[in-house]
Structures are given as C-alpha cells and as structure tokens.
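Some notes on the structure that comes next.
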Amino acid sequence: MDLFSGASFRSIELGLDQAQQRQSVLANNIANADTPGYKAKQVPFSQTLEVALKEPSIGAYKTHTEHLDFKGSKSGSTQLNELKDRYHHNGNGVDIDKEMSILAENQIQYNALIERLNGRFSSLQSVIRGGK
C-alpha cells in the first residue's frame, strides 16, 4: 500500500515542483536586473500544463486533427521563454517591480501548497493514531 501515490499528493508535488522552478527563474531574472542585454525569462503556462497532464489516467477527446494530445512530450525538461520587452536602454529586459510582484505571488502559492501538504500529513497522523 502506497500512502503517497494518490492524486492529492501528486497534484501538490506538481505544484511544489512548479513553484520551485518558477522561483529559480525569477531569482535569475532579479540577479541579472543590471546585466546589459539580458532578457527576462519566464516559465510558460503551457509547459506547466503539459507537466501536469502527464498523468496517464487523463485522456483527451479531440474533435480536430490539430488538437494537442494530453500525453505531452517525452522531454521532461522545461524550456524557458525569453520576454521580448526592453525596459532599459542597455537592452536589459528585466522589470524589477514586475519580477518582485511575481516572486511574492509565487511565495504565497508555495506556502499554500505547503499548508495543504501539512494538512494531508496531519490527517494521516490522526488516522494512524486512531483518531486521537
């Protein structure tokens, strides 16, 4: 019996992985805020969705031949998109205010996922102790 293979734990794990990856990209953008020619990067939503939909139990009903399949690609790695906006005269594309606001949002999402995970573990602990 595998207690941690349910859909709830899997979705929390995917969310935490996404938040960690996003944190890493945002930290890199902020660190390069003054680097000439640096283009800000972001983790695109479509790749996040692709990762989340790699669950084999999800099937897609396609009504057109050009619709994407829910299976996703086999790569497993996430590509980063460069933002084309320029905010500084030296070609730097980092808007520090925007990056900091996204960083705060990401931190809130991460903390919410950790709270949810702690709740799941508390429930398991209560069951193991017989409801005491």
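In this structure the side chain of Y110 never reaches within 4.5 angstrom of the side chain of N106, judged on heavy atoms. Looking only at side-chain heavy atoms (C-beta outward), Y38 and N90 stay at 4.5 Å or farther from each other. Within the 4.5 Å cutoff, no side-chain heavy atoms of Q18 are placed close to those of Q109. Between L16 and I12 the shortest side-chain heavy-atom distance falls below 4.5 Å.
The distance from atom CG of L124 to atom CD1 of I128, rounded to the nearest 0.5 Å, is 6.0 Å.
With hydrogens and angles left out, the side-chain atoms of N111 and E115 include no donor and acceptor closer than 3.5 Å.
Remark: the backbone N or O of N32 is paired with a side-chain donor or acceptor of N92 at under 3.5 angstrom. The backbone N or O of G119 lies less than 3.5 Å from a partner atom in the side chain of S123, making a donor-acceptor pair. Using modelled atom types, one side-chain atom of S122 and one backbone atom of N118 make a donor-acceptor pair closer than 3.5 Å.
Residue I30 is found in a hydrophobic cluster whose other members, listed by chain and number, are L26, I96, M100, I102, L103; membership requires side-chain heavy atoms under 4.5 Å apart, directly or through intermediates.
Counting heavy atoms of neighbouring residues, nucleotides and ligands inside a 6.0 Å radius, atom CG of D34 does not exceed 12 of them.
Of all heavy-atom pairs between A40 and E99, the closest is CB-OE2, 4.0 Å. The heavy-atom pair separating R22 from V43 by the smallest distance is CA-CG2, 4.3 Å.
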